[in-house]
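Please read the structure below before turning to the comments.
Source: prediction; values computed, not measured. For the numbers below, each heavy atom of this structure counts, side chains included, while hydrogens, waters and symmetry mates do not. This chain uses plain numbering: 1 for the first residue, then up along the sequence.
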Amino acid sequence: MRLSELSAETGVSTASLKFYLRESLLEPGEPRTRTQADYGPAHVERVRLIRALVESGGLSLAQVRRVIEALDSPTVPRHELLGVAQDALTDGTAYDEDPDWTAAAVAFVEHRDWRIRDGDVLLPQLGSQLKALADTCGVGGASTLDRWADAAEAIAAGDLETLTDDDEQALRTAIVGTVLSDRVLQTLRRLAQQNLTATLLERAGAERQTNKAGPDSLR
């Protein structure tokens, strides 16, 4: 197929496709003439992947590049799959690291008996996030953090269960699945908040109606 047909097939503009080609996010097509090339199913799959990572996953093109480089790398040992995924997804956001809060984050993961790589960037990141919560809304105490960590462990266990025996597919699942499921989890959390809020309001309304009825209604 030509570039225009690749655009129609994937829903991505030809201008964006040309940008992907210039940035080496997309492999060149098979030369057809001096100015035209043919593109195949692998190009369709790659473009759809890029689109999903950007639009649904919210990644920058720099992060997409790291993801693609990881996916195109030689086979990764299975015990390192999620580590490679995390490295590829590190967004380089600058955090105002606070040594005391980093130490608090380290103490928390030790309290959970989590085995984390020494010097992992996620530890100061967690410390910065906890500091922001404490400074702005007082959320993030030990009991709350433990409940969040319980949920995170359950999700991580589910992540591992999705990895197939095929190393290449497992790496793709570890990286792309993490990106896209992060957004799904965020959306599910908000839906659950709405549901619980509605349930509590209905319960409170029912209790008010009962209290208004008074003892006569029980005769």
Which class fits the ring pair His43 and Tyr39: parallel under 30°, tilted 30 to 60°, perpendicular over 60°?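 Plane angle over 60°, so perpendicular.
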
Using every non-hydrogen atom in the two residues, find where [X] and [Y] come nearest and quote the distance to one decimal.
X: Pro124; Y: Glu97; result: CB-CD, 3.6 Å
X: Thr197; Y: Gln193; result: OG1-O, 2.7 Å
X: Thr10; Y: Arg51; result: O-NH1, 2.7 Å
X: Ala134; Y: Trp101; result: CB-CH2, 3.7 Å
X: Val44; Y: Leu6; result: CG2-CD1, 3.6 Å
X: Glu5; Y: Met1; result: OE1-CA, 3.0 Å

Min side-chain heavy-atom separation [X]-[Y] under 4.5 Å:
X: Tyr20; Y: Val12; value: yes
X: Val179; Y: Gln63; value: no
X: Val184; Y: Leu188; value: yes
X: Leu122; Y: Gln125; value: yes
X: Asp72; Y: Arg46; value: yes
X: Arg65; Y: Ile50; value: no

Is atom CD of Glu27 surrounded by more than 12 heavy atoms (other residues, nucleotides or ligands) closer than 6.0 Å? no

Heavy atoms from other residues, nucleotides or ligands near CZ of Arg189 exceed 12 (cutoff 6.0 Å):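 Atom CZ in Arg189 is not crowded, with 12 or fewer foreign heavy atoms closer than 6.0 Å.
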
